[in-house]
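Just so it is clear: chains get the letters A, B, ... in the order the sequence lines come, proteins before strands, and each one is counted from 1.
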4 protein chains.
Amino acid sequence: MPKVGMQPIRRRQLIDATLSTINDVGINDATIAQIARRAGVSTGIISHYFKDKNGLLEATMRDITRQLRDAVASRLKPLAQASTETRLLAIVEGNFDDSQVHSAAMKAWLDFWASSMHQPQLGRLERVSSRRLFSTLAAEFRRDLPREQARLAAHGLASMIDGLWLRAALSGEPFNLHIARTLTTQFIRQQLAGTESLRKEE
Amino acid sequence: MPKVGMQPIRRRQLIDATLSTINDVGINDATIAQIARRAGVSTGIISHYFKDKNGLLEATMRDITRQLRDAVASRLKPLAQASTETRLLAIVEGNFDDSQVHSAAMKAWLDFWASSMHQPQLGRLERVSSRRLFSTLAAEFRRDLPREQARLAAHGLASMIDGLWLRAALSGEPFNLHIARTLTTQFIRQQLAGTESLRKEE
Amino acid sequence: MPKVGMQPIRRRQLIDATLSTINDVGINDATIAQIARRAGVSTGIISHYFKDKNGLLEATMRDITRQLRDAVASRLKPLAQASTETRLLAIVEGNFDDSQVHSAAMKAWLDFWASSMHQPQLGRLERVSSRRLFSTLAAEFRRDLPREQARLAAHGLASMIDGLWLRAALSGEPFNLHIARTLTTQFIRQQLAGTESLRKEE
Amino acid sequence: MPKVGMQPIRRRQLIDATLSTINDVGINDATIAQIARRAGVSTGIISHYFKDKNGLLEATMRDITRQLRDAVASRLKPLAQASTETRLLAIVEGNFDDSQVHSAAMKAWLDFWASSMHQPQLGRLERVSSRRLFSTLAAEFRRDLPREQARLAAHGLASMIDGLWLRAALSGEPFNLHIARTLTTQFIRQQLAGTESLRKEE
DNA sequence: CATGAATGAGGATTCATTCAT
DNA sequence: TATGAATGAATCCTCATTCAT
């Protein structure tokens with residue numbers, strides 16, 4: 001029963017099925033047949049909408065990076081006039097948004113990270129996303145800190161965010177938002193409070 | 001040219017070939033044929049020494065976790081009487097040992113991490129390794145800090161270490177040891193210096 | 001050239017190719033590639049229709065057991081009112097139907113028998129078929145003989161049928177229907193005629 | 001620790017291991033490695049004593065046919081002066097000797113039968129054995145019956161013996177010696193008693 | 001006489017992709 | 001638009017055989 005205007009519906013359906021499949025068996029054991037079955041469509045449909053399997057995976061990765069971008073952007077929007085610390089914490093919160101820390105999302109990110117090491121197309125997407133986090137953080141820190149110090153702080157905070165995420169994913173346990181908040185808050189305050197004594201030695 | 005006592009030699013050969021192949025094409029595109037060719041042996045030998053491909057991958061992961069363990073242990077050994085900070089920095093340095101931060105090692109870790117999400121056997125190895133880092137750090141922090149604070153600090157430092165590593169791997173650029181040292185040193189000192197004002201608010 | 005409704009056609013095609021291949025090289029040297037080539041299709045199609053090689057072999061065995069069942073049933077059908085002897089002879093004739101005694105069929109049976117000793121799935125099929133012959137014969141004998149004697153006669157006749165078959169298969173020569181008829185007819189008449197003098201001594 | 005005069009010991013060891021392996025996994029899944037392990041020797045030894053796998057299988061088949069021959073011969077030996085019936089029953093008993101009707105032996109026979117359909121060497125051995133049974137039986141019947149009738153009786157008795165054997169093997173249950181004796185005794189007596197009334201009609 | 005390391009051909013299976021309907 | 005039949009390359013694994021020691 002072909003219908004018109006199915007494209008956005010089918011794409012959504014298939015991306016969701018892809019994420020769900022990745023959650024179950026991982027990106028490498030996710031077969032087109034499995035994804036199609038889960039989406040309730042035939043295998044042929046995938047090439048119709050995404051050209052090939054890579055196209056589907058790329059679209060899926062694009063989807064979760066967009067979700068992350070949105071999660072951050074929506075938290076930052078109402079805080080245009082807020083303090084640097086507040087805005088930094090909002091960015092952190094965005095990265096720990098529900099959409100990003102549930103099991104399926106973390107598995108997908110980890111799988112995409114690994115895949116991106118060997119697939120240029122995915123690598124590009126990953127790099128854009130990774131740099132965006134750094135740039136966003138660096139821009140905020142720059143409001144209160146000198147350039148190099150801001151970059152260092154941004155690098156540190158981005159690493160901590162990703163590290164917290166990574167360890168949560170690998171531990172197999174639910175993401176502990178409380179601990180993540182405590183540690184990132186500490187880090188942000190210390191960076192903004194100045195670290196003269198430490199920097200002296202370098 | 002069969003000989004006796006080849007086992008350790010062959011195993012080493014094959015694990016090295018596996019790491020090298022993972023570096024080139026990733027764990028999922030690493031075929032038995034490719035690994036065997038690189039090791040200069042026939043494919044059949046792999047099942048002879050490792051039962052099957054999974055056995056080889058597991059042995060390879062075991063190998064890099066052992067390297068990490070050794071890198072940390074060898075740095076810690078001569079510091080039995082040293083200060084907590086010195087010992088913590090030694091642990092960090094161990095994690096950033098050459099054997100761990102060269103491109104091939106980082107790719108292998110990332111691939112193993114992703115695989116460990118879906119392969120129980122690898123997951124177990126990963127969890128052991130991940131927990132060891134946390135325990136080692138927590139034990140050191142515990143010398144100067146109360147229990148809960150030590151655990152928090154350990155979690156934070158472990159996350160930062162893994163995060164720095166992860167972002168380096170994904171960036172495709174060489175690991176910047178200088179920045180990593182600066183950030184981890186900062187973190188350690190601040191944790192050991194006490195964070196009363198921050199903890200008050202929680 | 002994909003079409004709809006190909007399933008029954010392809011299954012038939014593949015089962016026939018399997019029987020033909022078994023006839024040529026035996027069940028153990030029958031490779032998927034060979035069967036597929038003979039059927040004029042690709043190897044992949046087998047898993048499409050039969051899941052795997054075992055599925056195909058099972059379906060093939062199911063097919064020849066069904067042929068045997070049909071051969072017996074069709075002979076028995078018009079003989080609802082006939083004498084026990086006539087009906088027993090019809091059952092025997094069914095077992096010696098052309099479909100069962102040509103070289104390919106006999107080889108297939110022998111191969112399946114051997115395989116069924118070590119493959120539970122095939123064993124089950126074999127047992128059903130073997131018991132059906134016994135039950136059918138026993139039911140007929142029961143019309144004229146006491147229970148235990150009927151069972152003994154059924155056992156003996158079934159053994160003679162299978163033995164004639166087996167020795168024909170192993171001899172490599174065409175099945176000698178005349179001798180088979182003579183011997184089974186003798187057996188049936190003697191059983192039905194009563195064997196008091198013999199049974200006395202046991 | 002090489003020794004002299006090991007040949008007969010090793011051959012016996014390996015043939016027993018082969019039978020045991022066939023009993024467990026069937027002739028087709030019996031690998032050299034498995035057989036060697038079971039015999040407690042290395043794989044290389046097999047080619048040393050039997051040239052190759054086929055040589056071992058052939059020797060094994062030769063072994064069980066010899067056992068059958070011996071079982072019959074030893075029973076017949078003391079009965080040089082006995083009646084035809086007694087001698088025929090002795091032959092039957094030989095075929096149902098313990099060495100022939102235990103599970104492992106029946107599986108081996110069935111496997112060899114199937115293999116012999118496609119392996120000339122084994123086929124030859126099988127044919128010799130099969131014909132020997134027929135000839136032995138025919139010779140006995142010939143003492144009391146005309147030539148053709150004797151041959152028919154021999155064919156029938158051989159078929160019944162093999163059929164009883166086959167059905168026992170396939171049933172998975174222990175060979176029921178009592179039933180086998182009853183049926184074969186019946187058959188022999190009836191053949192020897194004359195079957196004029198039956199033969200009239202052919 | 002005996003070992004077991006090493007080979008490599010051969011087979012089953014999987015799966016992305018294509019395409020007639 | 002949508003299906004699912006069909007392909008066949010790619011991969012892992014098994015295993016008989018060889019042979020240096």
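- Between B:Asp29 and C:Ser42, the residue anchored nearer the 5' end of DNA chain F, judged by the nucleotide with its closest heavy atom, is C:Ser42.
- Counting only distance, with no hydrogens or angles, the side chain of C:Ser129 and the backbone of C:Leu125 share no donor-acceptor pair below 3.5 Å.
- Base pairing analysis places E:dA2 opposite F:dT21; the two distances defining the Watson-Crick or G-U wobble pair are each below 3.5 Å.
- A residue-by-residue look at C:Gly44 and D:Gly44 shows that C:Gly44 has its nearest nucleotide of DNA chain F further toward the 5' end.
- Applying the 4.0 Å criterion to OP1 and OP2 of E:dA6, one finds that B:Tyr49 has a side-chain N or O inside that range.
- Here the side chain of A:Asp111 pairs a donor or acceptor atom with the backbone of A:Ile27 at under 3.5 angstrom.
- Taking for each of A:Ser47 and C:Ser47 the nucleotide of DNA chain E with the nearest heavy atom, the 5'-most of the two is the partner of C:Ser47.
- For B:His48 and E:dA5, the shortest distance from a side-chain N or O to OP1 or OP2 is below 4.0 Å.
- Distances shown here put every side-chain N or O of B:Arg10 at or beyond 4.0 Å from the OP1 or OP2 atom of E:dA5.
- You'll find that the side chain of C:Ile45 is closest to F:dT7, out of F:dT7, F:dA16, E:dT17.
- Side chain of C:Arg11 to main chain of C:Tyr49: a donor-acceptor pair is present (N/O by atom type, distance under 3.5 Å, no hydrogens or angles).
- The B:Thr43 side chain lies nearest to E:dG8 when the options are E:dG8, E:dG11, E:dT3.
- Proximity of a side-chain donor or acceptor of A:Thr21 to a complementary backbone N or O of A:Ala17 within less than 3.5 Å is detected.
- The side chain of C:Thr31 lies closest to E:dG11 when the candidates are F:dA2, E:dG11, F:dT14.
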